[in-house]
2 protein chains.
Amino acid sequence: MTVTGSRGRRERLRAETTAEIKKVALSLMAKSGPDAITLRAIAREMGMTANAIYGYFPTRDDLVTTLINDVYTALADAVDTAWETTPSADPAVRIEAWANAFRTWALVNPQGFRLIYGDPVPGYQAPEGGPAPDAARRVCTGLTALAAAAWPYARHLYQDSVFDWSDFDPGLLEKVRPAFPDLPPAAVALALRIWGHLHGLVSLEVYGHMRTQTTSPEKLFQEELAQLMQTLGIPRRR
Amino acid sequence: MTVTGSRGRRERLRAETTAEIKKVALSLMAKSGPDAITLRAIAREMGMTANAIYGYFPTRDDLVTTLINDVYTALADAVDTAWETTPSADPAVRIEAWANAFRTWALVNPQGFRLIYGDPVPGYQAPEGGPAPDAARRVCTGLTALAAAAWPYARHLYQDSVFDWSDFDPGLLEKVRPAFPDLPPAAVALALRIWGHLHGLVSLEVYGHMRTQTTSPEKLFQEELAQLMQTLGIPRRR
DNA sequence: TGCAGAAACTTCACGGCGTATAGTTTCTGC
DNA sequence: GCAGAAACTATACGCCGTGAAGTTTCTGCA
C-alpha cells in the first residue's frame with residue numbers, strides 16, 4: 001500500500017542517511033584518526049549542515065559510541081571467524097589463528113583499535129557500562145574459549161589458583177559458565193591474562209612504542225605465541 | 001655583579017614561569033585528563049593570556065611533548081627506584097617490585113599513563129623518534145635488567161630462539177649491550193615480551209576495560225607475576 | 001641617569017569545533 | 001489540497017590553537 005510504502009520510504013532514506021554518516025565518519029577516522037571524527041567534517045563531506053546530523057544522533061558522543069560499537073563488533077567478528085574456521089583438532093593452531101586474527105585486524109585497522117581501546121576523541125565520555133559491552137563480552141567469551149580449549153593441557157599448571165567466581169563480573173560469567181560448564185575460575189583468570197598479554201603487545205605496536213625498540217614486532221609476536229603454548233602446556237606442533 | 005645578577009633574574013623568572021605552565025598543565029591533566037591541557041585553560045589559571053604561553057613553548061604540541069617527557073621520566077624514576085632499592089639477592093622479589101611499581105604508578109597517575117601511552121591530546125603529532133625517547137629507553141633498559149636478572153634461571157627455556165641483534169633498534173642495543181655484555185638477543189626479546197604483558201594488563205585496567213570483566217584486577221596482576229616467575233624458571237619464594 | 005632595544009605580554013582576528021534555538025523547506029497521509 | 005511532521009538551514013555562543021600587530025616592562029650600556 002501507499003501507506004506502508006510511504007512510511008517505508010522515509011524510513012529507508014533515514015536508514016541510508018544514518019549509514020552514510022557512519023560510513024563517512026569511519027572513512028575520516030581511517031584517514032586521519034579518531035580525532036578527525038567531527039560533525040562538521042562529516043557534514044561537509046556529505047554536503048549538509050553539521051546540525052542536520054543532530055536529527056540522527058543526539059550528540060557527537062552518541063555517534064562515537066555507535067561507531068565504537070560497530071568497530072568493536074567488526075573486531076569480534078574477525079576473531080570469532082578465525083576461531084570458527086580453524087579446525088579444532090589442534091588447540092595450538094586454533095589459538096594461534098585467534099591471536100593472529102586479533103593482531104592482524106589491529107594492524108589493518110589501527111585507527112579502529114585506537115577508537116576502541118584508547119581515548120577515542122577529545123572530551124568523549126563513554127556511557128555507563130562502556131561503549132560496546134556486547135562486543136567486549138564477545139571478545140572475552142572468545143578468549144575463554146581459548147582457555148577452555150587449552151584447559152585439558154593447562155589445568156595441572158594452575159592447581160593452586162586463588163580465584164573464585166566472585167572475582168569476575170556476573171555478566172561475563174553468565175555468558176561463560178553455560179558455554180563451558182566444567183571450567184573453573186582459574187581458567188577465566190587465565191583468559192583475561194592472555195587478553196592482557198596480547199593486548200599489550202599489539203597496542204604497543206599499534207601506538208608505535210615498539211617501533212623504537214624492535215625492527216620485527218612480527219617475530220616478537222610469533223615468539224609470544226610459541227611461548228604461550230608452553231605456558232598452556234600445549235605440545236608444540238611440527 | 002649587576003650584569004649577571006640581572007641576566008640571572010630574567011632567566012630565573014623565565015624558568016619559574018615555564019615551571020608554572022607545566023605544573024598547571026599537569027594539574028589540569030590530573031583533574032580532567034590529557035584533553036584538558038589547553039593553552040587557554042592554563043593561561044586562565046595563571047591570570048595570563050593564552051598567547052603569552054607562546055613565549056615559552058612554540059606550539060601546544062611542544063608543550064605536550066615536554067609534559068610527556070617529564071611524566072615518562074617520572075615513571076622511569078619510579079620503576080628504577082623500585083628496582084634499585086630492592087635487594088638483588090632474590091630476582092623474583094626484585095622483578096615483582098619493578099612490576100608492582102609500574103602498575104602502582106599507573107593507577108596513581110592514570111591520566112599520566114594515558115598521556116604517555118595513549119593518544120594524548122586531540123590532533124597531537126608526536127615528534128620524530130617519539131616524544132620521550134630517553135625515558136622510553138630507560139624503561140626498556142630497566143626491563144632488560146629484569147631479563148638479565150632472570151636469565152640464569154630462564155636461559156635453558158629459550159634455547160631455540162630465532163632472534164638476532166639485527167631484530168632490535170641499534171639505539172636500544174647501544175644502551176643494553178654494554179650494560180649486560182653476556183646477554184643474548186633472546187633475552188632482549190623476552191624483556192620486550194614482558195613489557196607487552198605488563199603494559200597490556202595495566203592499560204586494560206587503567207582504561208577501564210577490565211572493570212567490566214573482573215572485580216579484582218589486583219589479584220589478576222599478582223597471578224600474572226606469579227606465573228611470570230614460572231615462565232622465567234625462577235623458583236617461587238616462600 | 002637616561003635611553004635604545006629586547007623581552008614579556010596583550011589585543012584583535014581567523015577558522016575550527018560542539019551544540020542550542022529558531023526558522024525554513026519538503027514530504028506524508030488524510 | 002492541506003495540516004502537520006520530518007528534515008534541514010541559519011544564526012549564535014563559547015570553546016579551541018594560533019598568527020599579526022601593538023603595548024608595556026625590564027635590561028644593559030652611554
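In what follows, every chain begins at residue 1, and chains take the letters A, B, ... in the order their sequences are listed. Quick caveat, the model's predicted, so the values are computed rather than measured.
The salt bridge (Lys or Arg N to Asp or Glu O under 4.0 Å) search around A/K219 returns B/D167, not counting sequence neighbours. Listed by chain and residue number, nothing satisfies the salt bridge (Lys or Arg N to Asp or Glu O under 4.0 Å) test with B/R94 (two or more places apart in sequence, or in another chain). Shown here are the side chain to side chain donor-acceptor pair (under 3.5 Å) partners of A/T66, two or more places apart in sequence or in another chain: there are none. When the side chain to side chain donor-acceptor pair (under 3.5 Å) test is applied to B/E45, no partner is found at least two apart in sequence or on another chain. For the salt bridge (Lys or Arg N to Asp or Glu O under 4.0 Å) test, residues two or more places apart in sequence or in another chain that qualify with A/R103 are A/E205, A/E218. By the side chain to side chain contact (heavy atoms under 4.5 Å, CB included) test, B/A126 is found to be paired with B/Y124, B/P131, residues two or more places apart in sequence or in another chain being considered.
When distances run from any side-chain atom of B/Y56 to the nucleotides C/dG18, D/dG17, C/dC9, the shortest one goes to C/dC9.
Within the nucleic acid shown, A/T59 comes within 4.0 Å of sugar-phosphate atoms alone, with no base atom in reach, counting heavy atoms only.
Atom P of nucleotide C/dT19 and atom CD1 of A/I37 are separated by 14 Å, given to the nearest angstrom. Whole-Å rounding puts the A/D62 CG to C/dG18 P distance at 14 Å. Between the P atom of D/dC16 and the CZ atom of B/R60 lies a distance of 11 Å, rounded to the nearest Å. If you take CD of A/E16 and C1' of C/dC27, they are 16 Å apart, rounded to a whole angstrom. Between B/Y124 atom OH and D/dT18 atom P the separation is 12 Å, expressed in whole Å. Between the CD atom of B/E11 and the C1' atom of D/dG28 there is a distance of 14 Å, rounded to whole Å. Between the CZ atom of B/R40 and the P atom of C/dC17 there is a distance of 16 Å, rounded to whole Å. Nucleotide D/dC16 holds its P atom 14 Å from the CG atom of B/L63, rounded to whole Å.
The stretch residues 42-55 of chain A touches DNA chain D through A/M48, A/T49, A/N51, A/A52, each having a heavy atom within less than 4.0 Å of the strand.
For A/R14 and D/dA7, the shortest distance from a side-chain N or O to OP1 or OP2 is below 4.0 Å.
Of the possible polar contacts, one joining the A/T59 side chain to the A/D61 backbone as a donor-acceptor pair under 3.5 Å is found.
Counting only Watson-Crick and G-U wobble pairs whose two distances sit under 3.5 Å, DNA chain C takes part in these stems of three or more pairs: C:1-30 with D:1-30.
At a threshold of 4.5 Å between non-hydrogen side-chain atoms, the residues B/M46 and B/I53 do not count as touching.
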Considering only distance and modelled atom types, tabulate donor-acceptor pairs under 3.5 Å from the side chains of residues 19-29 of chain A, sequence neighbours left out.
residue	atom	partner	partner atom	Å
A/K22	NZ	A/D70	OD2	2.9
A/S27	OG	A/V24	O	2.9

